[in-house]
Enquirer: 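Quick one: the structure is below, and I'll ask about it shortly.
Proteins get letters first, then strands, A, B, ... in listed order; numbering begins at 1 in each.
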2 protein chains.
Amino acid sequence: MVVGGLAGTEADRVFHALADATRRDILTKVIRSGKSVSELAQHYPMSFAAVQKHVAVLERAALISKVRRGREQIVHGEVTALRRVALLLDAYEEIWRHRADRIADILDQE
Amino acid sequence: MVVGGLAGTEADRVFHALADATRRDILTKVIRSGKSVSELAQHYPMSFAAVQKHVAVLERAALISKVRRGREQIVHGEVTALRRVALLLDAYEEIWRHRADRIADILDQE
DNA sequence: TCCACCTACAACCATGTGGTTGTACGTTAG
DNA sequence: CTAACGTACAACCACATGGTTGTAGGTGGA
C-alpha cells in the first residue's frame with residue numbers, strides 16, 4: 001500500500017537518506033548554497049570517500065544533484081523531493097485526522 | 001546542527017523507522033485503528049517475530065505505543081512524533097525558501 | 001486444571017551499511 | 001609539461017539490520 005504519491009522504493013531511499021545526522025547536515029549546507037564535495041568533506045571528522053558516499057546516498061534519493069564546475073562537483077539541494085516527503089507525511093496526518101474526527105463525532109453523540 | 005525541535009538521535013530513529021515499507025504499512029494500519037501484534041503479523045509474508053521486531057523499531061521511534069488488553073498487546077499509532085517529523089521537514093523547506101528570497105545575500109555571504 | 005494463544009526474547013545467519021585506505025583519472029595552476 | 005587538486009571507485013573491515021527458529025512465560029477459555 002502506497003499512501004502518498006511517493007513510490008515504495010523511493011520513500012525507502014528518501015527516508016533512509018534522512019536517517020543519518022551527517023546526511024541531514026549536508027542537506028542543510030547545500031540547500032543554503034551549493035558546495036563542492038571536498039568543501040563539504042572539510043566539515044566532518046571522516047574521510048573524503050565517506051562524505052562522498054553520503055552525497056551518493058542523498059543523490060540516489062534525489063535530495064541533491066551535482067553539477068560540474070571545472071574540476072569540482074558542486075552539490076545542490078533538491079527541494080522537490082523534500083516537498084514530496086512532506087506531502088507523504090501530510091497524508092499520514094490526514095489519515096489520522098479522519099480517525100480523530102470520527103472519534104469526535106462518536107463522543108458528541110453520547 | 002539540529003534544524004528542528006527533533007534531537008539528532010530521535011530524528012535518526014524516526015526516519016530510520018519510516019525507511020521500510022513494512023513499517024510504514026504497519027503505521028497506516030495502526031493509525032486507523034489499534035491492532036494486536038499477531039493481528040498485524042497475519043498481513044505480512046514473514047514470521048511473527050519479524051513483525052514484532054518492526055513494531056519494536058516503530059516503538060523506539062515513538063511512532064506507536066502498545067497497550068495490554070488481556071493477553072494481547074494492542075498497537076496504537078502516535079501522531080505526535082509524526083507531526084514533529086513534518087515540522088522538521090517544514091524547517092528544511094523554510095531554509096530553502098529563505099535562500100530563494102535572498103539569493104544575492106547568500107552569494108555575498110560565502 | 002489444562003491447553004491453546006499471544007507475546008517476548010535469545011541465538012543465529014546473510015546481507016547491507018558506514019567507515020577505512022589505495023589507486024586511477026580528468027582538470028587546473030604554475 | 002608537470003604537479004597538485006578534486007573526484008570516482010574498488011577492496012576491505014566492523015558492525016547493524018532484517019530475517020529465521022526455538023524456547024519460555026503470562027493470560028483466557030473450556
Side-chain angles (χ1 to χ4, degrees), chain A residues 1 8-30 33-77, chain B residues 1 8-30 33-78 110:
Chain A
M1 173 190 183
T9 57
E10 190 176 355
D12 287 357
R13 280 196 291 265
V14 172
F15 282 124
H16 172 251
L18 292 175
D20 180 284
T22 300
R23 287 195 288 266
R24 289 194 303 273
D25 195 66
I26 289 176
L27 204 51
T28 63
K29 281 187 169 52
V30 302
S33 64
K35 295 188 187 302
S36 72
V37 182
S38 59
E39 199 174 354
L40 284 170
Q42 290 174 352
H43 294 75
Y44 304 99
M46 64 185 75
S47 68
F48 172 83
V51 174
Q52 209 176 14
K53 281 191 181 180
H54 282 304
V55 170
V57 171
L58 289 166
E59 194 176 17
R60 257 184 279 127
L63 286 169
I64 58 111
S65 62
K66 290 190 292 188
V67 176
R68 270 228 163 273
R69 191 180 64 186
R71 60 184 164 189
E72 292 178 329
Q73 198 82 265
I74 305 301
V75 180
H76 297 274
Chain B
M1 173 190 182
T9 57
E10 190 176 356
D12 286 358
R13 281 196 290 266
V14 173
F15 282 123
H16 172 249
L18 293 175
D20 182 283
T22 301
R23 286 196 288 267
R24 289 195 302 274
D25 196 65
I26 289 176
L27 204 51
T28 63
K29 282 186 168 55
V30 301
S33 65
K35 294 188 185 303
S36 72
V37 182
S38 59
E39 198 174 354
L40 284 171
Q42 291 174 351
H43 294 76
Y44 304 99
M46 63 186 75
S47 67
F48 172 83
V51 174
Q52 209 176 13
K53 282 191 181 181
H54 282 303
V55 170
V57 170
L58 288 167
E59 193 175 18
R60 256 184 279 128
L63 286 169
I64 58 109
S65 64
K66 291 189 291 188
V67 176
R68 270 227 163 276
R69 190 182 65 188
R71 60 185 164 186
E72 293 179 329
Q73 198 81 268
I74 306 300
V75 181
H76 296 273
E78 286 288 344
E110 188 97 3

Enquirer: Once you apply a heavy-atom cut-off of 4.0 Å, does B:Thr22 come out as touching a base, just sugar-phosphate, or nothing?
Expert: nothing
Enquirer: Please tell me if the side chains of A:Lys35 and A:Val75 come closer than 4.5 Å, counting only heavy atoms from C-beta onward.
Expert: no
Enquirer: For the CD1 atom of A:Ile26 and the CG atom of A:Leu63, what is their distance to the nearest 0.5 Å?
Expert: 11.5 Å
Enquirer: Separation of B:Asp12 atom CG from C:dT17 atom P, in whole Å?
Expert: 16 Å
Enquirer: Could I get a table of every N or O pair under 3.5 Å where one atom is in the protein and the other is in nucleotides 13-15 of chain C?
Expert:
none

Enquirer: From CD of A:Glu39 over to P of D:dG6, roughly how many Å is that when rounded to an integer?
Expert: 10 Å
Enquirer: Give the rounded distance in Å between these two atoms: NE2 of B:His16 and C1' of D:dT17.
Expert: 7 Å
Enquirer: Grab the CE-C1' distance between B:Met46 and D:dG18 for me, whole Å please.
Expert: 9 Å
Enquirer: For residues 44-55 of chain A, pull every pair meeting side-chain hydrogen bond (donor to acceptor under 3.5 Å, both in side chains), keeping only residues two or more places apart or in separate chains.
Expert: A:Arg23-A:His54, A:Asp25-A:Tyr44
Enquirer: Atom CG of A:Leu18 and atom P of C:dT17: how far apart are they, to the nearest Å?
Expert: 15 Å
Enquirer: Rounding to an integer number of Å, can you tell me how far B:Gln73 CD sits from D:dG25 C1'?
Expert: 14 Å
Enquirer: Using a 4.0 Å cut-off on protein heavy atoms (strictly under), produce a 5'-to-3' string for nucleotides 21-30 of chain C with B for base contact, S for backbone-only sugar-phosphate contact, and - for none.
Expert: B-----BB--
Enquirer: Mind listing the closest non-hydrogen atom pair of B:Arg68 and B:Gly70 along with its distance?
Expert: NH1-O, 3.5 Å
Enquirer: Of the residues in residues 52-66 of chain B, which ones touch DNA chain D at a heavy-atom distance under 4.0 Å?
Expert: B:Lys53, B:His54
Enquirer: Could you report the tightest heavy-atom contact between B:Lys29 and B:Leu40, atom names first, then the distance?
Expert: CD-CD2, 3.9 Å
Enquirer: Send over the distance from B:Gln42 CD to C:dC5 C1', rounded to a whole Å.
Expert: 12 Å
Enquirer: Can you tell me how far CG of B:Leu27 sits from OG1 of B:Thr22, rounded to the nearest 0.5 angstrom?
Expert: 12.5 Å
Enquirer: The criterion is side-chain hydrogen bond (donor to acceptor under 3.5 Å, both in side chains); which residues satisfy it with B:Glu78, sequence neighbours excluded?
Expert: B:Ser65
Enquirer: The criterion is side-chain hydrogen bond (donor to acceptor under 3.5 Å, both in side chains); which residues satisfy it with B:Arg69, sequence neighbours excluded?
Expert: B:Glu72
Enquirer: If only side-chain N and O atoms of A:Ser38 are considered, is one of them under 4.0 Å from the OP1 or OP2 phosphate oxygen of D:dC5?
Expert: no
Enquirer: Nearest heavy atom decides the nucleotide; on that basis, is A:Asp20 or B:Ile74 closer to the 5' end of DNA chain C?
Expert: B:Ile74
Enquirer: Which distance, rounded to the nearest 0.5 Å, do you find between the CD1 of A:Ile74 and the CD of A:Glu39?
Expert: 7.0 Å
Enquirer: How long is the straight-line distance from NZ of B:Lys66 back to CG of B:Leu58, given to the nearest 0.5 Å?
Expert: 10.5 Å
Enquirer: To the nearest 0.5 Å, tell me how far B:Ser36 OG sits from B:Arg71 CZ.
Expert: 11.0 Å
